[in-house]
Amino acid sequence: MTVAYASGKVILFGEHAVVYGRPAIAVPVTQVRAQAMVEGAARGRGIAIVAQDLGQTYLLGQAPPDNPLRQIVVLTLQRLGVGLAHDLTITVSSTIPIARGLGSGAAISTAIVRALSKYFDKELSPRAISDLVYEVEKIHHGTPSGIDNTVIAFERPVYFVKSQTCEALRVKRPFIIIIADTGVQSPTKVAVAEVRRAWEREPSRYDRLFDQIGEVAIRARRAIEEGTIEEMGHLMNENHRLLRLIGVSSPELEELVRAAREAGALGAKLSGAGRGGNMIALVTEETKGAVVKALREAGAKDLIVTEVK
Ligand code: PMV
C-alpha cells in the first residue's frame with residue numbers, strides 16, 4: 001500500500017491578472033491536505049477509484065470520460081509508461097474545503113500522481129507533476145493560469161508568470177496569514193469567465209488594472225524577500241482595492257476585510273476567484289487573536305491560521 005499527500009494553497013497577490021500574463025504569488029497551506037492511497041486489488045478487477053468524501057466508487061473503464069479523477073489516473077499511468085492494465089484501488093480523501101480557493105482539485109490530482117509514481121517506483125519531478133495536473137485543470141477550469149498546480153506540486157512559495165516563470169520565493173522573515181471563509185461558494189470558472197467578458201467590453205481599462213496588479217505583485221515579491229512585512233500589508237490592501245475595481249469582491253468579502261483591518265491586521269484582501277470564497281489577513285503574533293475574534297464576529301465560517309516560511 002502506498003500513500004501520498006498534497007497540501008492546499010492560497011494566492012497572496014495577483015489573482016485574475018495572472019490569467020492575463022501578469023505575475024502572481026501563491027503559498028502552500030499545509031494545515032489542510034489531500035491524500036491518495038494506492039493498493040493492489042483482486043486479479044481481473046481493474047482500476048477502481050474511491051472518492052471517500054463523496055461516498056463514490058468509479059471503475060476506470062466505466063467512469064465518465066470527463067471525470068477528473070479518471071483523467072488524472074489515465075494521464076499519470078500513460079506518463080509513467082506502465083499502461084492501464086492493472087488491478088488497483090486508488091482511494092482519495094481531503095480536508096481541503098471545496099470551491100473555496102484553496103486548490104482542492106489540484107491537490108487531489110497531485111496526491112494521486114504522487115501516489116501512483118511512488119507505487120510504480122518511477123520518480124516524477126515537481127515540474128512533471130505540475131504539468132500533468134495542469135492538463136486536468138485545463139479541462140475543468142476553462143483558462144486556468146496554472147498557478148494552483150505549480151504551487152501545490154512544488155510545495156514552496158512561488159512567484160509565477162503563466163507559461164514563463166515559476167520561481168521559488170525566499171521568505172526572509174516568516175509571516176502569519178489568516179485565511180477566512182465567507183461561506184459563499186464561488187466557482188472559479190464562473191468568476192474567471194465574467195472577468196473575461198468585462199475585459200472584452202473594456203479592454204484598455206482592464207489591461208490597466210491588470211498592469212497595476214502586476215506591479216503590486218512585483219513589489220510584494222521584493223517585500224517578501226526583504227522581510228518588510230508592513231509593506232506587504234500595504235500591498236495587500238492595494239491589491240484588494242484593484243480587485244474590487246475589477247468587480248470580483250462581494251459584500252461578505254468587504255465585511256471580513258473591514259473587520260480584519262479594524263482589528264489590527266497589517267493588510268487584508270480577497271484571495272482567489274472572489275465573489276465569495278476566501279479572504280486573507282496579514283497579522284503578527286500580537287494581533288492574531290484579535291483579528292481571529294473580529295473575523296468570527298463578522299461572520300467568517302472557517303478560519304485557518306498559517307505561517308508562511
Ligand atoms: O479561487 P482560486 O484560488 O482557484 O483562484 C483562482 C485564481 C484566478 O487567478 C482567478 C484564476 C487562475 O486560473 O489563476
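- Ionic pairing of D207 and R22 is present here: one or more N-O contacts between side-chain nitrogen and carboxylate oxygen are shorter than 4.0 angstrom.
- Salt bridge annotation for E215-R219: absent, with no cationic side-chain nitrogen under 4.0 angstrom from a carboxylate oxygen.
- Side-chain polar atoms of E39 and T89 form no donor-acceptor pair below 3.5 angstrom.
- The OG atom of S204 sits 11.5 Å away from atom CH2 of W199, with the distance rounded to the nearest 0.5 Å.
- Contact check on R173 versus E226 returns no salt bridge, with no Lys/Arg side-chain nitrogen under 4.0 Å from an Asp/Glu carboxylate oxygen.
- Between E285 and K288, at least one side-chain N (NZ, or NE/NH1/NH2) sits under 4.0 Å from a carboxylate O, which counts as a salt bridge.
- Considering only residues two or more places apart in sequence or on other chains, E202 meets the salt bridge (charged side-chain N to carboxylate O under 4.0 Å, His left out) condition with R205.
- For CD of E225, the number of neighbouring non-hydrogen atoms (other residues, nucleotides, ligands) closer than 6.0 Å is greater than 12.
- When atom types are taken as modelled, the side chain of T182 and the backbone of G277 share a donor-acceptor pair closer than 3.5 angstrom.
- The side chain to side chain donor-acceptor pair (under 3.5 Å) pairs that include a residue from residues 232-253 are N237-R261, E238-R241, H240-E254, R244-E254, S249-E254, S250-E252, where partners are two or more places apart or lie in different chains.
- Of the charged side-chain nitrogens involved, at least one lies within less than 4.0 Å of a carboxylate oxygen, so that E15 and K269 count as a salt-bridged pair.
- With respect to E200 and R197, no salt bridge is recorded, no charged nitrogen being found less than 4.0 Å from a carboxylate O.
- Residues in residues 75-97 take part in no salt bridge (charged side-chain N to carboxylate O under 4.0 Å, His left out) pair, two or more places apart or across chains.
- Between atom CG of residue L116 and atom OG1 of residue T76 there is a gap of 5.5 Å, rounded to the nearest 0.5 Å.
- Cluster partners of V50 are absent, since no Ile, Leu, Val, Met, Phe, Trp or Tyr has side-chain heavy atoms less than 4.5 Å from it.
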Run the salt bridge (charged side-chain N to carboxylate O under 4.0 Å, His left out) check on R221 and E167 step by step: do they pass?
-> CA-CA 11 Å; R221 173 191 191 158; E167 291 167 36; 2.5 Å; yes
Trace of the salt bridge (charged side-chain N to carboxylate O under 4.0 Å, His left out) decision for K138 with E135 | CA-CA 5 Å; K138 269 198 301 209; E135 287 308 307; 3.3 Å; yes
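- The environment of CZ in R170 is sparse: at most 12 heavy-atom neighbours from other residues, nucleotides or ligands sit within 6.0 Å.
- For the residue pair N149 and S130, a side-chain donor N or O sits within less than 3.5 Å of a side-chain acceptor on the partner.
- Interatomic distance, CD1 of I229 versus OG1 of T284, reported as 9.5 Å (0.5 Å rounding).
- The number of heavy-atom neighbours closer than 6.0 Å to CG of L54, taken from other residues, nucleotides and ligands shown, is above 12.
- Sequence neighbours left out, the pairs with a member in residues 154-165 that pass side chain to side chain donor-acceptor pair (under 3.5 Å) are R114-E155.
- In this structure, Q35 contributes its side chain and A111 its backbone to no donor-acceptor pair below 3.5 Å.
- No continuous path of ILVMFWY side-chain contacts below 4.5 Å connects I72 to V151, so the two sit in separate hydrophobic clusters.
- Considering only heavy atoms from C-beta on, Y20 comes within 4.5 Å of R196 through its side chain.
- Using a 4.5 Å cut-off between side-chain heavy atoms of Ile, Leu, Val, Met, Phe, Trp and Tyr, M1 falls into a hydrophobic cluster with V3, Y5, M37.
- At a threshold of 4.5 Å between non-hydrogen side-chain atoms, the residues V27 and L12 count as touching.
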